[in-house]
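Hydrogens, waters and symmetry mates play no part in the numbers below; they use all other heavy atoms, side chains included. From a predicted model like this one, the values you see are computed outputs, not experimental measurements. In each ligand, atom 1 is the first atom listed, and ligand 1 is the first ligand listed.
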Amino acid sequence: MSVIRALHQQLVSKERSAVEITQSYLDQIAALEPTIRSYLTVTADQALAQAAQVDARIAAGEDIGPLTGIPIALKDNLCTQGVRTTCGSKILENFVPPYESTVTGKLRDAGAIALGKTNLDEFAMGSSTENSAYQITGNPWDVTRVPGGSSGGSAAAVAAGECAVALGSDTGGSIRQPASFCGVVGLKPTYGLVSRFGLVAYASSLDQIGPLARTVEDAALLLQGIAGHDPKDSTSLDVKVPDYTQYLKTDLKGRKVGIITETFAAEGIDPAVRTATEKAIQQLKELGAEIQEISCPRFPYGLPTYYIIAPSEASSNLARYDGVKYGVRNNNDSLMSMYTKTRAEGFGAEVKRRIMIGTYALSAGYYDAYYLKAQKVRTLIKQDFEAAFGQVDVLVCPTAPTTAFKAGEKVDDPLSMYLSDLMTIPVNLAGLPGLSLPCGFDNQGLPIGLQLIGNALREDLLFEVGYAYEQATEWHNRVP
Ligand code: GLN
């Protein structure tokens, strides 16, 4: 059952107060953080004060919405007014935003209770949360393994019951891949559906904020709370947000589901991941879906395309950390050495690597060969998806090629780390929504994720198919 619905029921029936619920999550955080380390900041006092306000509203007989009194965790690249926002970077160690991101403001206005800020790869660059300047987060299913990344703190917090639901951000897979590694549900919404105002920018044409949750229904309810037009984000879509919960049905008669041929042909897919995905497809068929194979021939070019476009945008976005406007400054004799020392000390190795790749790809003489070429391939990938959605309602493939790997296993091999996002990246390049949900376990007891991809603004179909699958299976009921 949906965690949000269950808590809402307890609140309106006065079985438990918001303070009691919040305290129980804070207790879980206190008990598990020594081993999981998913939070960078816990805002316990603030959370309990917010909860007391919710209780006062309930006592006064006010009707409350589904998110009122629900304890949530926030990835630490979402600006929170008055609460330190580090982005997992030393350079923002002492940054306390003077303003609130649109999504966190919306949740606060809806009465949701922010428990704290979760760990991430520095500036959301990574697939294991090991690029955080602060701490290594453990996967709740096996703490010697990574939770995935870059929203690893949020995914681990959800899996470990250290929050009811959480927000992450996804530029190339950073919600879906950690969801897959931690056995939870994660949704990367259509580009523009959720405001990016107050999300610390990594690669602006790819970044989207989205929910991490225990069930599809929880993800739908959280998306409902954060989606919608925002004049403060010029890429925000001015569309009517549907009531997503009305699409949660249990049969899939007439739905057309496409299997992306190229994702099964890809090298390096774990046999356990392949088997679980095949079984999940069989299950969709039993629920009434018509299954067909669809080729997206340019899908395999997603990874190299992304590793030109994302670092290019990042190199530009991260130019603002110069020691003058934000965070850490290394005061030195000349202006130039203040800039260079601040950046040399403030950024970690992966961030520097990407700044170098990005500035190189954008430099005069190389721009056409790299950046412009990558943008053209991006269009071709988008066209493959457009052709596919002319034939089917949703596409299906594994979320990640493997289950959670050991901490330290890939830190010295960036290329093998980059391969984690083989199947998620094309979705960001095309601006489409993607949902990852649990579809099995490997023989070491590690969760496997199934990815559903929809056409732009067809989150409704992802919820419909995801919910029907979830109702027919038991995977989401297992806890670490
Ligand atoms: N792992 C990918 C990267 O390192 C995706 C990150 C993300 O989605 N934020 O860029």
Side-chain angles (χ1 to χ4, degrees), residues 74-78 87-89 118-132 137 146-155 166-182 186-189 191 194 196 199-212 302-318 347-358 361 374 378 399-402 404-405 409-411 413-436 449 451 453:
L74 306 169
K75 187 175 181 177
D76 204 22
N77 59 354
L78 294 163
C87 229
S89 181
T118 57
N119 198 21
L120 69 158
D121 287 298
E122 184 175 8
F123 286 100
M125 299 177 189
S127 306
S128 65
T129 311
E130 291 165 294
N131 293 336
S132 165
T137 297
V146 302
S150 62
S151 312
S154 285
L167 287 183
S169 69
D170 190 314
T171 305
S174 279
I175 291 175
R176 291 159 288 160
Q177 185 257 18
S180 170
F181 278 20
C182 291
L187 174 82
K188 181 249 156 205
Y191 186 76
V194 177
R196 290 182 297 109
L199 168 69
V200 178
Y202 161 18
S204 310
S205 77
L206 301 158
D207 299 340
Q208 264 301 279
I209 300 163
L212 285 138
L303 197 69
T305 305
Y306 173 88
Y307 277 102
I308 297 293
I309 293 175
S312 296
E313 293 186 18
S315 71
S316 163
N317 274 327
L318 271 59
F347 289 139
E350 183 61 27
V351 171
K352 287 177 185 159
R353 180 180 294 124
R354 296 199 191 192
I355 291 174
M356 284 192 277
I357 295 172
R378 181 178 190 172
T399 304
T402 67
F405 44 86
E409 192 180 317
K410 299 194 182 194
V411 277
D413 185 357
L415 284 184
S416 118
M417 186 77 89
Y418 293 174
L419 282 172
S420 304
D421 299 301
L422 194 64
M423 329 259 202
T424 46
I425 276 173
V427 179
N428 299 72
L429 289 169
L432 304 176
L435 177 77
S436 179
Q451 182 178 216
I453 304 167

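Note on ligand 1: Y306 sits in its first shell, one or more heavy atoms being nearer than 4.0 Å. The closest approach between A310 and ligand 1 stays at or above 4.0 Å for every heavy atom of the residue.
The parts of T171 lying near ligand 1 are both backbone and side chain, judged by heavy-atom distances below 4.0 Å. Contacts between Y307 and ligand 1, counted as non-hydrogen atom pairs separated by less than 4.0 Å, involve the side chain only. Of all the heavy atoms of S150, the ones lying under 4.0 Å from any atom of ligand 1 belong exclusively to the side chain. Using a 4.0 Å cut-off between heavy atoms, Y202 contacts ligand 1 through its side chain alone, with no backbone atom that close. Heavy atoms of R354 found under 4.0 angstrom from ligand 1 belong exclusively to the side chain.
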Run the numbers on L167 and S154 for side chain to side chain contact (heavy atoms under 4.5 Å, CB included), then give the verdict. CA-CA 7 Å; L167 287 183; S154 285; 5.7 Å; no
Test side chain to side chain contact (heavy atoms under 4.5 Å, CB included) on N77 and F123; report intermediate values, then the result. CA-CA 7 Å; N77 59 354; F123 286 100; over 6 Å; no
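Ligand 1 has an N or O atom lying under 3.5 Å from an N or O atom of G173, backbone or side chain. Looking at A124 next to ligand 1, an N or O pair under 3.5 Å apart turns up.
Although no hydrogens or angles enter the test, the distance criterion places a donor-acceptor pair under 3.5 Å between the side chain of T424 and the main chain of D421. Between the side chain of Q451 and the backbone N or O of M423, at least one donor-acceptor pair lies under 3.5 Å. In this structure, the side chain of Q208 does not engage the main chain of K188 through any donor-acceptor pair within 3.5 Å. Looking at E350, its side chain never comes within 3.5 Å of a backbone N or O of N131 through a donor-acceptor pair.
Each of the following atoms of ligand 1 lies closer than 4.0 Å to a heavy atom of D170: 8 (O). Taking every non-hydrogen atom of G126 and a distance limit under 4.0 Å, the qualifying atoms of ligand 1 come out as 1 (N), 2 (C), 3 (C), 4 (O), 6 (C). The ligand atoms of ligand 1 that sit less than 4.0 angstrom from a heavy atom of M125 are 4 (O). If you number the atoms of ligand 1 from 1 as listed, the ones under 4.0 Å from a heavy atom of G172 come out as 5 (C), 7 (C), 8 (O).
Note: F405 and F181 have perpendicular aromatic rings, judged against thresholds of 30 and 60 degrees for the angle between ring planes.
Inspection of the N428 and D170 side chains reveals an N or O donor paired with an N or O acceptor under 3.5 Å.
A side-chain hydrogen bond (donor to acceptor under 3.5 Å, both in side chains) with T399 holds for exactly one of S436, S180, S420; it is S436. Checking each of S169, S150, S151 against S174 for a side-chain hydrogen bond (donor to acceptor under 3.5 Å, both in side chains) leaves exactly one that passes, namely S150.
Ranking the protein heavy atoms by distance from atom 1 (N) of ligand 1 puts D421 OD2, 2.5 Å first. At the top of the distance list for atom 6 (C) of ligand 1, counting protein heavy atoms only, stands S174 OG, 2.8 Å.
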